[in-house]
Amino acid sequence: MIKGTSHGRRAASALLTAAAAGVALAASPANAAAPAWETLPQPVKNAASAILPFDGDNAVVTTRQGECGDCDLDQRLWQRDGGAWKELKLPADGVADTVTGTSPDDLWAIGRKDGDDGTWRVHHYDGAKWSANLSPDTKRVEIIDAEAVSRTSLWGVGNTRVDTSFVPTVTHWNGKTWNTTKFDGLEGNLNSLQVKSENDIWAVGSTSAGGVANDRDQALALHYDGAKWTRIPVPSIPKVSTFLDAVISNGPNDVWASGTVRDERGQEPKRTGAYVIHWDGKSWTHRDVPGKEAATVKTFAHYGGKLYAGLSGNQKLVRWTGAAWEQVAGVDPQIFGVRELTTAKDGSLYLTGARGTFFGPLYYQQRLAPPAAR
């Protein structure tokens with residue numbers, strides 16, 4: 001799935017903490033060859049901010065040029081068929097902040113039109129034309145992340161505006177209508193979801209702590225078993241706010257999530273490494289990525305049977321060995337931070353990274369061939 005923008009809006013089980021401070025990344029075997037990364041051509045040079053690959057010949061890319069807060073960017077959508085790119089014109093009122101789909105003729109473009117006071121847009125492309133706006137509620141329901149499972153199943157997470165507050169929300173399109181679930185009693189937001197199957201879905205974000213940890217925001221994790229949603233408590237961290245921004249599941253007993261922490265001033269407290277937690281079906285455990293400077297895991301993906309994590313800053317890309325994180329070599333040195341990892345159906349791994357400049361970010365995309373092909 002494509003996520004064209006970043007989003008940032010009581011423990012029942014013990015949190016077992018792995019000591020990350022002062023611990024270095026695991027060293028890769030001395031005789032391990034660096035991954036053979038392929039640099040991908042872009043339809044607009046250094047502008048491809050996200051990619052949705054289907055196979056070796058077909059993909060959809062979002063290009064973004066400019067960086068000016070809430071103003072309209074030059075945002076365009078492109079399809080690759082074989083080696084050629086062609087622009088896929090968005091509807092006049094369409095936005096491609098988040099793009100998901102199962103094939104080139106089953107795409108969804110989702111986002112907010114015209115800034116903070118605009119409307120939420122959800123359009124479907126069937127290979128010939130775009131639908132009208134299918135948003136479940138153009139003024140109140142914001143879909144921040146979405147995943148298409150089939151032509152008749154799209155899951156989305158975000159929030160519902162209720163007066164001056166935000167209520168965490170999950171919504172599902174069955175091909176004809178929406179079924180929207182608001183988690184009344186909670187105030188907050190859902191930023192990311194992972195659909196392992198229709199009866200194994202995770203959604204993560206943050207919620208007002210409501211008395212916990214000095215009323216700061218705390219991590220929110222929800223699981224769907226096909227019948228109902230259940231909150232899986234994430235233990236609070238005293239004196240800081242915690243926001244979960246990414247999640248990946250390899251089954252109900254192997255779930256990883258990451259995010260950011262903020263102090264009472266909204267700034268990252270003095271720390272090193274990146275905040276990551278793991279769920280084993282019974283409790284959450286810290287699996288923070290160690291490092292010399294503070295970082296954030298922006299994205300996860302499975303490749304060749306291992307978990308990869310993309311980070312902000314110089315660390316860029318790491319993978320989990322089963323006991324520790326190790327650095328992955330071969331990422332373009334021009335990249336300062338990985339913003340997206342995506343595994344295609346053929347098993348290849350796609351990476352999108354960025355480097356900030358005075359005129360806005362420059363984007364880079366790379367690919368690792370399927371493990372069997374290397």
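Values below: every heavy atom of this structure, side chains too, minus hydrogens, waters and symmetry copies.
Once rounded to the nearest 0.5 Å, the distance linking CZ of F336 with CD of Q315 reads 10.5 Å. Taking OG1 from T138 and NZ from K113, the interatomic distance works out to 14.0 Å, rounded to the nearest 0.5 Å. Atom CH2 of W155 sits about 4.0 Å away from atom CD1 of I201, to the nearest 0.5 Å. Between the CG atom of L317 and the CG atom of L311 there is a distance of 8.0 Å, given to the nearest 0.5 Å. Taken to the nearest 0.5 Å, the CG atom of N250 stands 8.5 Å off from the CG atom of L307. The CG atom of D200 sits 8.5 Å away from atom CD of Q194, with the distance rounded to the nearest 0.5 Å.
Distance alone, capped at 3.5 Å, places no donor-acceptor pair between the S236 side chain and the Q218 backbone. Between the side chain of T296 and the main chain of K298, no donor-acceptor pair closer than 3.5 Å is present. Panel note: side chain T299, backbone L341; a donor-acceptor pair is recorded below 3.5 Å. The backbone N or O of V328 lies less than 3.5 Å from no partner atom in the side chain of R319, so there is not a single donor-acceptor pair. Counting only distance, with no hydrogens or angles, the side chain of D217 and the backbone of T242 share no donor-acceptor pair below 3.5 Å. Without hydrogens or angle criteria, R112 side chain to V95 main chain gives no donor-acceptor distance under 3.5 Å. The backbone N or O of D55 lies less than 3.5 Å from no partner atom in the side chain of D346, so there is not a single donor-acceptor pair. T207 places no side-chain N or O within 3.5 Å of a backbone atom of L186 that could act as its donor or acceptor partner. No donor-acceptor pair closer than 3.5 Å links the side chain of E187 to the backbone N or O of S165. Put simply, the side chain of S131 gets close to the backbone of H124: a donor and an acceptor are under 3.5 Å apart.
Nearest approach of W37 to G330, heavy atoms of both residues: CD1-O, 3.1 Å. Annotation for A96 and V99: closest pair CB-CG2, 3.8 Å, computed over non-hydrogen atoms. The two atoms that bring D245 and S192 nearest to each other are O-CB, 3.4 Å, heavy atoms only. For F243 against S206, the heavy-atom pair with the smallest separation is CD2-OG, 3.3 Å. When all heavy atoms of W85 and P43 are compared, the pair lying nearest together is CE2-CD, 3.7 Å. Closest non-hydrogen pair, Y363 versus A354, comes out as CD2-CB, 3.8 Å.
Between the side chains of N133 and S135, no donor-acceptor pair of N or O atoms lies under 3.5 Å. T169 and T160 share a side-chain donor-acceptor pair at under 3.5 Å.
Relative ring orientation between W178 and W173 is described as tilted, the plane-to-plane angle lying within the 30° to 60° band. By the 30° and 60° cut-offs, the orientation of the rings of W256 relative to F300 is tilted. Using a 30° and 60° split on the angle between ring planes, W202 and W284 fall in the perpendicular class, above 60°.
The hydrophobic clustering, which links ILVMFWY residues whose side-chain heavy atoms are closer than 4.5 Å, places V204 and V255 together. Cluster annotation: I143 is not connected to V170 through the hydrophobic network of ILVMFWY side chains, with a link wherever side-chain heavy atoms come within less than 4.5 Å. Hydrophobic clustering places Y224 together with L220 (ILVMFWY residues linked when any side-chain heavy atoms are closer than 4.5 Å, directly or through intermediates). Side-chain heavy atoms closer than 4.5 Å link hydrophobic residues (I, L, V, M, F, W, Y) into clusters, and following such links, possibly through other members, connects W78 to L40. In the hydrophobic clustering of ILVMFWY residues, with side-chain heavy atoms under 4.5 Å counting as a link, W108 and Y125 come out apart.
In this structure the side chain of E340 reaches within 4.5 angstrom of the side chain of I51, judged on heavy atoms. In this structure, the side chains of D137 and K139 come closer than 4.5 Å at one or more pairs of heavy atoms. Counting heavy atoms from C-beta outward, D81 and Q79 have side chains that stay 4.5 Å or more apart. Between L77 and T62 there is a side-chain heavy-atom pair separated by less than 4.5 Å. Looking at heavy atoms from C-beta onward, L52 lies out of side-chain contact with Y350 at the 4.5 angstrom threshold. Side-chain contact between Y364 and L362: present, with at least one pair of heavy atoms (C-beta onward) separated by less than 4.5 Å. The shortest distance between side-chain heavy atoms of F166 and R161 falls below 4.5 Å. Using a 4.5 Å heavy-atom cutoff, the side chains of L107 and L88 are in contact.
The local environment of CG in D254 is crowded, with over 12 non-hydrogen atoms from other residues, nucleotides or ligands closer than 6.0 Å. Heavy atoms from other residues, nucleotides or ligands lying under 6.0 Å from NZ of K345 number more than 12.
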Show, in sequence, the C-alpha distance, side-chain angles and deciding distance for N253 and D280, and conclude whether the side chain to side chain contact (heavy atoms under 4.5 Å, CB included) test is met.
CA-CA 4 Å; N253 301 328; D280 64 3; 5.6 Å; no
Any chance you could lay out the side chain to side chain contact (heavy atoms under 4.5 Å, CB included) test for Y275 and L244, step after step, and finish with the verdict?
CA-CA 9 Å; Y275 170 73; L244 294 180; 3.7 Å; yes
Test log, rule side chain to side chain contact (heavy atoms under 4.5 Å, CB included), inputs V331 and Q366:
CA-CA 8 Å; V331 178; Q366 293 181 276; 3.8 Å; yes
So H172 and T181, side chain to side chain contact (heavy atoms under 4.5 Å, CB included) or not? Walk me through it.
CA-CA 9 Å; H172 179 246; T181 301; over 6 Å; no
